[in-house]
Each structure stands twice: as structure tokens, then as C-alpha cells.
Amino acid sequence: INIYAHWAIVTFAFSLHSMTFGATRRETAFGLGGVLASLVTVYFTFRRAPLLAVALLAVVYAALIGRRRRQFVVSMLIAALLVGGVLVTDPRYAQRIATIAQAGDLTNVGEDAQRVMQIGIRILRDHWVLGIGIGNLMIYSVDVFGTPRWLPHNIYLEFADELGIGGLAIFLAFVGTALARGWRSYRAHLGRGDLRRASLSASSLAALLALLLAGFFQPIRFDFFIYVLAAMNSLAWEFTRPLQVDDAPAEAATALPATSP
């Protein structure tokens, strides 16, 4: 179920791009269909983290590029009305969303997931330098604390438990570099007035941020979604840089003064 929810986050991002900057009506309609399919998938998976991630994604994309297109604004208003209608007509789902704050309350150990989160914090406190070793978290929690073979629902806590603060720092540097390169690609395309490519970079950037938010609530460190999107953000900058490099020699030639032989 989690896999479908995480795929929905990714497809939602690039469906927004296709819907907002579709080259043809067919592509725009395809993007709109992808947006609706992603939201329906998130609804049926009954997960809270993907809903938060999709909301963050829409806000980031709107701030970067979407607000420049009327169809995006209209579509998001319609989506907000649909989500509001679901919360009104389905009290069970509304109650599920209302428990997001409770899930983050580590002082309440009434739920097994919160107890496991507290265990993850205790492991980090005891093994914060080098961790307990990659892949050992579930075994350690069973042997030492007597819990089922569960993981803390937090990707950052899992990295820190298994690899120590050094391993967590490497992961944060990895995703931070990818985000920085995606941002530079977005800024470069926006500076050239290429809104379609800027939108594609913004979609990739927003999707990675959304998955990193979902990682606060889901054990997804072994899933490939984050790493694929990090690579896409990095490649976006690699595909952008040659345009700047090609312009550099011409600018340099015009800037050099003429010299006599």
C-alpha cells in the first residue's frame, strides 16, 4: 500500500507539469487525469503522510511556477473543493487526518508505532557515533526491547540509528546537493524565460521535497523513489549547464580588448 502511495506523490508532481504546461490539449488532459488518479490513489491507501506530501508539493510548485498559469490555479481550487468534500462526507478519513498531530506526540506511548519511535530515539542516544550497523535495526529492537520486527517511522532516525550522525550527515548532504542542483536548473530556465523547462525542474524539485517530508512518517530509506528523484534533480542541472558554457566563450570574446600583433 505504501508503494502505491509513494508512486502517487511522484506521478502527482509530473502530472501537474503536464497539466499546467501541456504542449497539446491531449497532454493537458493527460496531466489532469494523472492528478486526479494520484489523489484517488492517496485516498484509497488511507495514509496520512502522502496527503501531507501532496499538499506540500502543490504549495511548492505553486510558489515556483504554477501561479503563473491560470489552469493550475483553477485546478488546485477544484482539487481543494474535492478534498474538502471527501473530508465532509467521510468522517472516518477526516478522523484519520485529525490524528496527524497525535502521531507525532512521542510522549504518548499508547500506540505501538509511537513506542517504536521512542525506541529509535533511545538507540540513537546510545549509539550516536557509529550506529548499530546497516540492516540491524529490526533485529536490535527485537533482541533488546522485545518489540515486533518494526522500524521507526522516520527515515532520518533510521539512518542515524544504523549509521550514526556521520551516516545521517552523508544522506542529508546527498539530498541537499540534489535539491541545490535542481534549484539552480529551475532558476536558469526561469532566467531564460523557458517556463516549460522551469516547470519540469520545479516538478522534480517539489517531488523530492514531498518525499523527504513523507520520510518523516514512513520507513522508506530502502525505497528507490528518493534516490531516483535526487538523480533527476542532479541531471536537470547537468542538462542545463552546457547552455551556459556555450554562451561563455562568446561573452568572453566580446569582453576581451583588441590587441595589436
Side-chain angles (χ1 to χ4, degrees), residues 3-87 89-90 93 97 178-179 181-214 224-226 228-237 239-240:
I3 291 176
Y4 289 121
H6 297 151
W7 268 121
I9 297 172
V10 178
T11 56
F12 181 78
F14 294 102
S15 295
L16 278 182
H17 165 71
S18 296
M19 179 192 71
T20 309
F21 287 91
T24 62
R25 289 185 177 179
R26 179 179 298 180
E27 186 174 339
T28 301
F30 180 79
L32 177 60
V35 167
L36 295 176
S38 300
L39 293 176
V40 170
T41 300
V42 169
Y43 171 74
F44 280 114
T45 56
F46 204 63
R47 290 295 186 266
R48 293 167 291 188
L51 186 62
L52 285 177
V54 164
L56 174 67
L57 198 158
V59 169
V60 172
Y61 183 83
L64 294 180
I65 198 78
R67 57 187 171 80
R68 301 169 183 268
R69 307 285 283 195
R70 185 178 63 180
Q71 57 264 44
F72 170 81
V73 177
V74 173
S75 300
M76 288 301 98
L77 289 176
I78 294 174
L81 291 175
L82 290 176
V83 171
V86 168
L87 295 179
T89 58
D90 189 349
Y93 199 81
I97 301 304
L179 288 171
R181 291 167 70 88
W183 171 258
R184 292 167 70 184
S185 175
Y186 158 75
R187 293 293 299 173
H189 289 307
L190 192 65
R192 300 187 185 104
D194 191 341
L195 294 183
R196 181 176 172 81
R197 289 183 177 175
S199 169
L200 192 57
S201 295
S203 299
S204 184
L205 187 67
L208 181 54
L209 285 171
L211 281 175
L212 291 174
L213 173 63
F224 64 90
F225 303 99
I226 287 178
V228 169
L229 281 170
M232 292 180 66
N233 277 274
S234 184
L235 284 173
W237 175 240
F239 286 127
T240 304

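Just so we're clear, the structure is a prediction, and the values are computed from it rather than from any experiment.
Using a 4.5 Å heavy-atom cutoff, the side chains of Leu209 and Leu179 are in contact. Looking only at side-chain heavy atoms (C-beta outward), Leu212 and Leu208 come within less than 4.5 Å of each other.
In terms of heavy-atom proximity, His189 sits nearest to Ala198 at CB-N, 3.6 Å. Shortest non-hydrogen contact noted between Leu16 and Thr20 is O-OG1, 2.7 Å. The two residues Ala5 and Pro50 come nearest to each other via the heavy atoms CB-CG, 3.4 Å. Taking all atoms of both residues into account, the shortest heavy-atom contact from Val35 to Met19 is CG2-SD, 4.3 Å. The two atoms that bring Ala230 and Ala178 nearest to each other are O-CB, 3.5 Å, heavy atoms only.
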Distance-only donor-acceptor hits, side chain of residues 7-14, under 3.5 Å, sequence neighbours excluded:
{"unit_1": "Thr11", "atom_1": "OG1", "unit_2": "Trp7", "atom_2": "O", "d": "3.0"}
{"unit_1": "Thr11", "atom_1": "OG1", "unit_2": "Ala8", "atom_2": "O", "d": "3.1"}
{"unit_1": "Thr11", "atom_1": "OG1", "unit_2": "Ser38", "atom_2": "OG", "d": "2.8"}

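Residues passing the side-chain contact (heavy atoms from CB on, under 4.5 Å) test with Tyr4, sequence neighbours excluded: Thr41, Thr45. Taking Val228 as the reference, Phe224, Met232 meet the side-chain contact (heavy atoms from CB on, under 4.5 Å) condition, with sequence neighbours excluded. Arg196 is linked by a salt bridge (charged side-chain N to carboxylate O under 4.0 Å, His left out) to Glu27, counting only residues two or more places apart in sequence or in another chain. By the side-chain hydrogen bond (donor to acceptor under 3.5 Å, both in side chains) test, Tyr61 is found to be paired with Ser199, residues two or more places apart in sequence or in another chain being considered. Remark: Ser234 engages Arg181 in a side-chain hydrogen bond (donor to acceptor under 3.5 Å, both in side chains) (not counting sequence neighbours).
Between atom CD1 of residue Ile226 and atom NE2 of residue His6 there is a gap of 8.5 Å, rounded to the nearest 0.5 Å. Atom-to-atom distance recorded for Ser15:OG and Leu32:CG is 9.0 Å, nearest 0.5 angstrom.
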>> What verdict does the side chain to side chain contact (heavy atoms under 4.5 Å, CB included) test give for Leu57 and Leu213, after you've listed the backbone C-alpha separation in whole Å, the side-chain angles of each residue and the deciding distance to 0.1 Å?
In response: CA-CA 10 Å; Leu57 198 158; Leu213 173 63; over 6 Å; no

> Please walk me through it: do Thr240 and Arg192 pass side chain to side chain contact (heavy atoms under 4.5 Å, CB included)?
Replying inline: CA-CA 11 Å; Thr240 304; Arg192 300 187 185 104; 3.6 Å; yes

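When atom types are taken as modelled, the side chain of Tyr186 and the backbone of Leu64 share a donor-acceptor pair closer than 3.5 angstrom.
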